Student: 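Below you will find the structure I want to go over with you.
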Amino acid sequence: MVVERGDPAAVGVAHRLTGWLRPATGYPLPVLASPGGEAPAGSLTLSLQLDETLGEEGYRLAVGPERVTLSAAQPAGLFYAAQTLRQLFPPAIERTSVQPGPWVLPVVAIMDRPRFAWRGFMLDVARHFFTPADVRRLIDYAALYKLNRFHLGLANDQGWRLEIRSWPRLAEYGGSTEIGGGPGGYYTQSEYAALAAYAAERFITLVPEIDAPGHTNAALASYAELNCSGEAPPLYTGIEVGFSSLCIHKEITYRFLSDVIGEVAALTPGPYIHIGGDEAHATPPDDYVYFMERAGAIIQAHGKRMVGWEEVARGRLEPGTLVQQWKSVPAGSAGIPDLQAAAQNARIIASPAWRAYLDMKYADDSPLGLQWAGLVEVRDAYDWDPLSEYPAMAEGDLAGVEACLWSETLRSLADAEFLAFPRLPGLAEIAWSPREGRSWGEYRLRLAAHAPRFNALGINYYRSPQVPWPAETLL
Ligand code: NGO
């Protein structure tokens with residue numbers, strides 16, 4: 001493997017690629033820096049070059065009889081070229097022990113770049129806790145499908161999952177349980193920073209969410225002074241929503257928020273902080289707007305951009321805010337939040353629950369998942385386009401698409417995999433590929449052909465009856 005001119009970021013991608021290819025091939029695959037010029041026959045070359053047509057994330061991949069060349073204008077593009085190359089090898093490339101091969105690649109010339117800048121995956125670690133190893137695995141899956149945002153729901157009614165040094169009881173007490181009463185857990189600051197770095201090495205921006213002013217029972221239980229009554233409620237292990245609220249007119253609420261956001265901002269390399277803002281049914285509407293405007297200013301003062309669920313558009317938004325649509329339906333209803341957001345020039349992240357919520361059941365008899373937004377079979381998750389879902393929006397109003405995995409019913413990584421697969425690759429394709437040329441009839445065949453890869457990766461996936469899975473993958 002040759003890296004032209006030895007650019008350090010490109011060398012990093014080469015090491016990642018050899019890390020994927022070595023276990024199954026058993027080849028040593030040394031990474032060498034070249035001075036430039038044509039690489040020797042039989043080599044695989046990564047090269048960064050000026051090419052305005054490729055943008056920040058585009059790439060070219062050429063597989064010829066003599067050599068393989070990956071090129072891009074930026075390191076992220078090289079990483080996506082490497083992910084595509086990985087998928088061109090036979091599925092056994094994903095196994096962790098040496099396989100017989102042969103390691104044949106098709107001859108191709110690919111030029112590829114994404115449609116949307118925001119291609120997200122959201123994991124709720126508050127309802128059920130996921131260990132750093134589980135989260136790394138899910139980051140790997142997101143990276144495999146060229147997603148570039150990993151949104152981590154760190155605080156909700158049932159748990160607070162990040163150590164905050166200025167308010168230590170949040171994690172120590174507020175993180176001590178989860179839905180169903182299990183032991184919960186939290187990330188230390190160094191574990192969290194390591195997750196952010198792990199994501200960044202895969203060109204994924206970690207987006208932490210601290211949900212407020214509702215969904216805050218874990219914080220309210222940890223510090224009595226955050227409650228209007230001055231009394232702390234007990235920890236909560238059920239699945240209801242909309243019953244908790246920070247105390248909007250106590251100044252300590254904003255000291256708390258600024259301390260928390262300050263620590264989270266300092267630990268987070270990416271530019272975004274998600275403030276939640278959904279389902280604040282226990283906060284009076286005017287108080288909600290007051291709170292959100294202060295929260296926006298606090299996030300901005302800590303040098304970050306605010307992201308919020310669509311409800312945040314009820315108040316004035318700081319420039320650059322991103323609004324994550326999840327439940328509004330466009331049918332001309334008065335005051336739909338996506339239009340309010342558009343009017344404020346906020347860009348939208350599309351996560352319509354009936355398409356993009358990975359925690360919805362596939363079918364009535366699905367063993368996991370919720371059903372409040374309907375059943376979301378594999379076809380429902382794939383066979384749509386963000387713009388046709390929201391006719392009032394123009395392409396430029398959309399930052400992108402995010403698939404959300406809420407964890408009320410999830411107790412393990414295998415459970416998370418079952419709901420994410422095979423819907424996640426379809427949502428990732430919607431976020432990356434142009435609308436033209438996508439069709440369910442063709443996609444279902446490609447998805448079926450992809451199943452041996454899920455098997456080789458050890459992914460626990462739903463064998464949807466809508467997909468013609470190869471017989472050997474059903475054993
Ligand atoms: C809603 C709710 C979450 C639930 C989720 C379950 C949003 C933005 N708030 O989505 O608290 O976990 O549904 O599907």
Side-chain angles (χ1 to χ4, degrees), residues 116 118-130 134-154 156 179 204 206-207 209 211 239 241 274 276 278 309-310 324-327 349-384 386 389 400-432 440 443-444 447 450-451 454 457 459-464 466-467:
F116 291 118
W118 187 289
R119 303 183 304 279
F121 176 78
M122 184 238 172
L123 177 68
D124 165 19
V125 296
R127 272 50 179 277
H128 278 101
F129 183 63
F130 286 81
D134 292 341
V135 176
R136 284 197 296 275
R137 187 89 185 154
L138 292 164
I139 290 173
D140 286 341
Y141 296 155
L144 176 58
Y145 296 107
K146 304 186 178 69
L147 299 177
N148 65 358
R149 305 281 186 264
F150 197 91
H151 167 184
L152 205 50
L154 289 167
N156 215 302
I179 285 180
I204 292 178
L206 195 69
V207 180
E209 177 179 340
D211 202 345
I239 70 162
V241 296
H274 201 306
D278 55 320
W309 296 107
E310 62 185 53
Q324 187 164 11
Q325 173 278 330
W326 63 282
K327 69 171 181 181
I349 300 164
S351 300
W354 55 98
R355 301 288 194 182
Y357 267 30
L358 298 172
D359 60 310
M360 289 301 117
K361 289 185 174 201
Y362 293 98
D364 274 324
D365 60 355
S366 291
L368 299 170
L370 305 175
Q371 214 179 318
W372 67 263
L375 300 172
V376 181
E377 245 295 357
V378 177
R379 179 174 184 162
D380 301 309
Y382 180 77
D383 203 3
W384 65 289
E389 209 77 1
V401 178
E402 186 169 295
C404 301
L405 185 52
W406 299 94
S407 65
E408 282 92 333
T409 65
L410 306 182
R411 275 175 300 182
S412 63
L413 178 63
D415 287 356
E417 289 178 350
F418 183 80
L419 287 179
F421 287 91
R423 291 180 287 201
L424 181 67
L427 289 156
E429 183 162 299
I430 293 171
W432 180 285
W440 164 251
Y443 173 74
R444 66 196 274 274
L447 180 60
H450 200 73
F454 297 151
L457 283 161
I459 293 174
N460 176 35
Y461 61 102
Y462 166 57
R463 264 69 165 185
S464 165
Q466 299 183 326
V467 181

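The first residue in the sequence is number 1, and the count goes up from there. Keep in mind that this is a model prediction, so the values were computed, not measured. Every heavy atom of this structure was used, including side-chain atoms; hydrogens, water molecules and symmetry mates were not.
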Student: Please step through side chain to side chain contact (heavy atoms under 4.5 Å, CB included) for the pair His274 and Met122, ending with a clear verdict.
Tutor: CA-CA 11 Å; His274 201 306; Met122 184 238 172; over 6 Å; no
Student: For Glu417 and Asn460, indicate whether the former's side chain and the latter's backbone hold a donor-acceptor pair under 3.5 Å.
Tutor: yes
Student: Determine whether a donor-acceptor pair (N or O, by modelled atom type, separation under 3.5 Å) exists between the side chain of Arg119 and the backbone of Arg149.
Tutor: no
Student: With respect to Tyr382, which candidate in Glu429, Glu377, Arg444, Gln466 satisfies the side chain to side chain contact (heavy atoms under 4.5 Å, CB included) definition?
Tutor: Glu429
Student: What distance do Phe121 atom CZ and Leu147 atom CG have between them, rounded to the nearest 0.5 Å?
Tutor: 8.5 Å
Student: What are the two closest heavy atoms between Val378 and Pro422, and how far apart are they?
Tutor: CG2-CG, 3.7 Å
Student: Pair Asp140, Leu457 - check side chain to side chain contact (heavy atoms under 4.5 Å, CB included), show working.
Tutor: CA-CA 11 Å; Asp140 286 341; Leu457 283 161; over 6 Å; no
Student: Nearest 0.5 Å, please: how far is CG in Leu144 from CD1 in Ile459?
Tutor: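 So the CD1 of Ile459 and the CG of Leu144 are separated by 7.0 Å.
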Student: I want to check something: taking the side chain as every heavy atom from C-beta on, are Tyr145 and Leu427 in contact at a cut-off of under 4.5 Å?
Tutor: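 When only atoms from C-beta onward are counted, Leu427 and Tyr145 do not touch, as no gap falls below 4.5 Å.
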Student: Looking at every heavy atom in both Leu368 and Leu419, which two are closest together, and how far apart are they?
Tutor: O-CD2, 4.0 Å
Student: Hey, can you tell me if Trp326 and Trp309 have their rings parallel, tilted or perpendicular (30° and 60° cut-offs)?
Tutor: perpendicular
Student: Does any part of the side chain of Leu405, heavy atoms only, come nearer than 4.5 Å to the side chain of Leu410, both counted from C-beta?
Tutor: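 Yes; the side chains approach each other to less than 4.5 Å.
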Student: Kindly indicate, with the supporting measurements, whether the criterion side chain to side chain contact (heavy atoms under 4.5 Å, CB included) is fulfilled by Met360 and Leu375.
Tutor: CA-CA 6 Å; Met360 289 301 117; Leu375 300 172; over 6 Å; no
Student: Angle class for the His450/Phe454 ring planes (parallel below 30°, perpendicular above 60°, tilted otherwise)?
Tutor: perpendicular
Student: Distance from Tyr461 atom OH to Leu424 atom CG, nearest 0.5 Å?
Tutor: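 Answer for the OH-CG pair, Tyr461 versus Leu424, is 15.0 Å.
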Student: Closest heavy-atom contact between Asp415 and Thr409?
Tutor: OD2-O, 4.0 Å
Student: Quick one: does any side-chain atom of Arg423 pair with a main-chain N or O of Leu358 as donor and acceptor, under 3.5 Å?
Tutor: yes
Student: If the condition is side chain to side chain contact (heavy atoms under 4.5 Å, CB included), which residues does Arg127 pass it with, not counting sequence neighbours?
Tutor: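 Arg127 satisfies side chain to side chain contact (heavy atoms under 4.5 Å, CB included) with Asp124, Asn156, Gln158, Ile179, His215, Val241, Trp406, Ser407, Glu408 once adjacent residues are dropped.
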Student: Identify the heavy atoms of Ala373 and Trp354 that sit nearest to each other, and give their distance.
Tutor: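 Closest approach of Ala373 to Trp354, heavy atoms only: O-CB, 3.6 Å.
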Student: Does the side chain to side chain contact (heavy atoms under 4.5 Å, CB included) test come out yes or no for Asp278 and Asp211, once each step is laid out?
Tutor: CA-CA 8 Å; Asp278 55 320; Asp211 202 345; 2.7 Å; yes
Student: In a check of ring pair (Phe, Tyr, Trp, His ring centres under 6.0 Å) between Tyr362 and each of Tyr357, Tyr462, Phe421, which one passes?
Tutor: Tyr462
Student: With the side chain counted from C-beta on, respond yes when Gln371 and Asp364 share a heavy-atom pair under 4.5 Å apart, and no when they do not.
Tutor: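 Yes, their side chains come closer than 4.5 Å.
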Student: Just to verify, what does Asp365 make a side chain to side chain contact (heavy atoms under 4.5 Å, CB included) with, not counting sequence neighbours?
Tutor: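 Side chain to side chain contact (heavy atoms under 4.5 Å, CB included) list for Asp365, sorted by chain: Ala363.
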Student: Which heavy atom of Ile139 sits nearest to which heavy atom of Ile204, and what is that distance?
Tutor: O-CD1, 3.8 Å
Student: Test Ser351 against every option in Glu310, Gln325, Gln324 by the side-chain hydrogen bond (donor to acceptor under 3.5 Å, both in side chains) rule and name the one that passes.
Tutor: Gln324
Student: Among all residues two or more places apart in sequence or in another chain, which pass the side chain to side chain contact (heavy atoms under 4.5 Å, CB included) test with Phe129?
Tutor: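 With neighbours one apart ignored, the set is Arg161, Glu178, Tyr187.
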Student: Of all the heavy-atom pairs spanning Ala350 and Pro386, show the shortest one and how long it is.
Tutor: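 Heavy atoms only, the tightest pair is CB-CB, 4.3 Å.
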